[in-house]
Protein chains: 2
Amino acid sequence: MDNSETPTTPELPDSTEQRIFDAAHQVFVQKGLDGAKMQEIADHAGINKALLHYYFRTKEKLFEMVAKAVINRAFPAVQQLIEADMPLEQKIDRFVDFYIDLISRNPFVPLFIIGEINKHPDQFFEKIIPAAPPRPERFFRQVEEAVAEGRIRPISPRHLLVNVLSMCVFPIVARPMLRIVMGMSSQELNQFLKERKEEVKAFIFAALRP
Amino acid sequence: MDNSETPTTPELPDSTEQRIFDAAHQVFVQKGLDGAKMQEIADHAGINKALLHYYFRTKEKLFEMVAKAVINRAFPAVQQLIEADMPLEQKIDRFVDFYIDLISRNPFVPLFIIGEINKHPDQFFEKIIPAAPPRPERFFRQVEEAVAEGRIRPISPRHLLVNVLSMCVFPIVARPMLRIVMGMSSQELNQFLKERKEEVKAFIFAALRP
DNA sequence: GAAAAATTTAACCGGATGGTTAAACCCGTG
DNA sequence: CACGGGTTTAACCATCCGGTTAAATTTTTC
């Protein structure tokens, strides 16, 4: 199993508070708001319910903090790379590597974000939305330039970005479904996902040939 | 908003039982086992809790029936197309059209399947798994033949299938996330998803050029 | 119109769960 | 040692929720 990265809130690295928060992070991300139980979080942090409420007043508040931490870690990483000062080809190359690694380390995060937005749209769009969403305009311009120069086949920049994202994220997120659809063992799937980076890059660059 | 297709169990089309089942289908698929409340299902079906239990004994049983219906409708449709007797290029073409339509009509279904498997793996793999999972071997053979004939660039059949699936499914499932990442309004996103079929097909066939 | 089935009403039970409380305990620091 | 914050224990409350029940009411069917 992959370990989930536990985010660093501005706290002492190994304080009880941090351990509780990490436990909450893990449980919430895997089970969602409804599926997560406070007792389970306490158990997972190696403490008891009383202390849990001593540090974090309510489930709602704790969830809100976790959810904020999740998206405030997920989006800026993408943004940084997508805004970087780097040739398009290199940017795509690094993006695929980076993103597949990122999602592999946090396979439940995309599902968590999408699922919770679906289940509790109000709270999410009120409380959790990031202050600064990614701005892919620069990437779009780079694609348009490359098209204009004839370096790549004409293509909609938006669709290209979504294609890249899809091929990186979906197989990891949909892992249990792929096992069924493709009839692969867990072993085979691990091997398959390891090959992905190179396969995805090859596919993208093949599709971009003029 | 897209309407979700409500599956036809072998029941009278407009019976109370069917109305309840449809309501349960909708609520379960959107909110999952934990998030769905029996009262909500009853409300949604326009009846009361007592009658709900009169028709369907327990939440578990009802959920099991709904989950079975969901996957027994989702997978055979794919399988049929993927096993069809049809040239590879045409098969891909139709598959993209068909699959984007299917997911657009049931945007919550993939998330539901993946999420529930993650949250309750035991029950799912015991009770719900389809008797006959898709067998993509034929598709794989077609790809290998096309490669051997030089009709398409060399490519791993498995990765090709996953790429196609990813680009079809992910954007629809991740719609709320895309809104944030790409900074698009709901209107723009609708337009974007309409363009998808042609863009995805163009992308795939471009990537397959020898 | 009577019998049977469908549906409502309303109350209730029991367990799980979020949350509280008070007392005791542990443990490091001044 | 005494003080105080961290921590445990254990009991407890309120609420929600799945599920049941019994009777009344409506609708269907014969």
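Chain identifiers are assigned alphabetically (A, B, ...) following the order of the sequence lines, protein sequences preceding nucleic acid strands; residue numbering begins at 1 within each chain.
Between A:Leu52 atom CG and D:dG6 atom C1' the separation is 15 Å, expressed in whole Å. Atom-to-atom, CG of A:Leu62 to P of C:dT17 comes out at 17 Å; the value is rounded to the nearest Å. B:Arg57 places its CZ atom 6 Å from the P atom of D:dT20, with the value rounded to the nearest Å. Per the geometry, CG belonging to B:Leu33 stands 16 Å off P belonging to C:dA16, to the nearest Å. Atom-to-atom, NZ of B:Lys59 to P of C:dA16 comes out at 14 Å; the value is rounded to the nearest Å. The interatomic distance linking A:Lys37 (NZ) with D:dC17 (C1') rounds to 11 Å, in whole Å. As rounded to whole Å, 18 Å separates atom P of C:dA16 from atom CE of A:Met38. Atom CD of B:Gln39 and atom P of D:dC16 are 12 Å apart (whole Å).
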Atom pairs, protein N/O to nucleotides 11-15 of chain D N/O, distance under 3.5 Å:
none

Protein-nucleic acid N or O pairs under 3.5 Å, nucleotides 21-29 of chain C:
none

What protein N or O atoms touch nucleotides 4-7 of chain C N or O atoms at under 3.5 angstrom, if any, and at what distances?
unit_1, atom_1, unit_2, atom_2, d
C:dA6, OP2, B:Tyr54, OH, 2.9
C:dT7, OP1, B:Thr16, OG1, 2.7
C:dT7, OP2, B:Tyr55, OH, 2.6

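For the salt bridge (charged side-chain N to carboxylate O under 4.0 Å, His left out) test, residues two or more places apart in sequence or in another chain that qualify with B:Lys68 are B:Glu64. With sequence neighbours excluded, the residues forming a side-chain contact (heavy atoms from CB on, under 4.5 Å) with A:His44 are A:Ala23, A:Gln26, A:Val27, listed by chain and number. Applying the side chain to side chain donor-acceptor pair (under 3.5 Å) test to A:Glu199 and every residue at least two apart in sequence or in another chain returns nothing. Listed by chain and residue number, A:Glu195, A:Arg196 satisfy the side chain to side chain donor-acceptor pair (under 3.5 Å) test with B:His159 (two or more places apart in sequence, or in another chain). Listed by chain and residue number, B:Phe75, B:Leu165 satisfy the side-chain contact (heavy atoms from CB on, under 4.5 Å) test with A:Val181 (two or more places apart in sequence, or in another chain). Applying the salt bridge (charged side-chain N to carboxylate O under 4.0 Å, His left out) rule to B:Arg135 yields the partners B:Glu137; only residues at least two apart in sequence or on another chain are considered. Legend: residues meeting side-chain contact (heavy atoms from CB on, under 4.5 Å) with A:Phe125, ordered by chain and number and at least two apart, are A:Ile117, A:Ile129.
Within the structure, the salt bridge (charged side-chain N to carboxylate O under 4.0 Å, His left out) test picks out the following pairs touching residues 76-93 of chain B (sequence neighbours left out): B:Asp85-B:Arg138, B:Glu89-B:Arg151, B:Asp93-B:Lys201. For residues 36-59 of chain A, the salt bridge (charged side-chain N to carboxylate O under 4.0 Å, His left out) pairs, not counting sequence neighbours, are A:Lys31-A:Glu40.
Sparse packing is recorded around CD of A:Glu60, with 12 or fewer heavy atoms of other residues, nucleotides or ligands lying under 6.0 Å away.
Using the six-membered ring where Trp is involved, B:Phe170 and A:Phe170 have ring planes that are perpendicular, over 60° apart on the 30 and 60° scheme.
Under 4.0 angstrom from either OP1 or OP2 of D:dT20 there lies no side-chain N or O belonging to B:His53.
Nucleic acid contact class of B:Ala42 (heavy atoms, under 4.0 Å, all strands): none.
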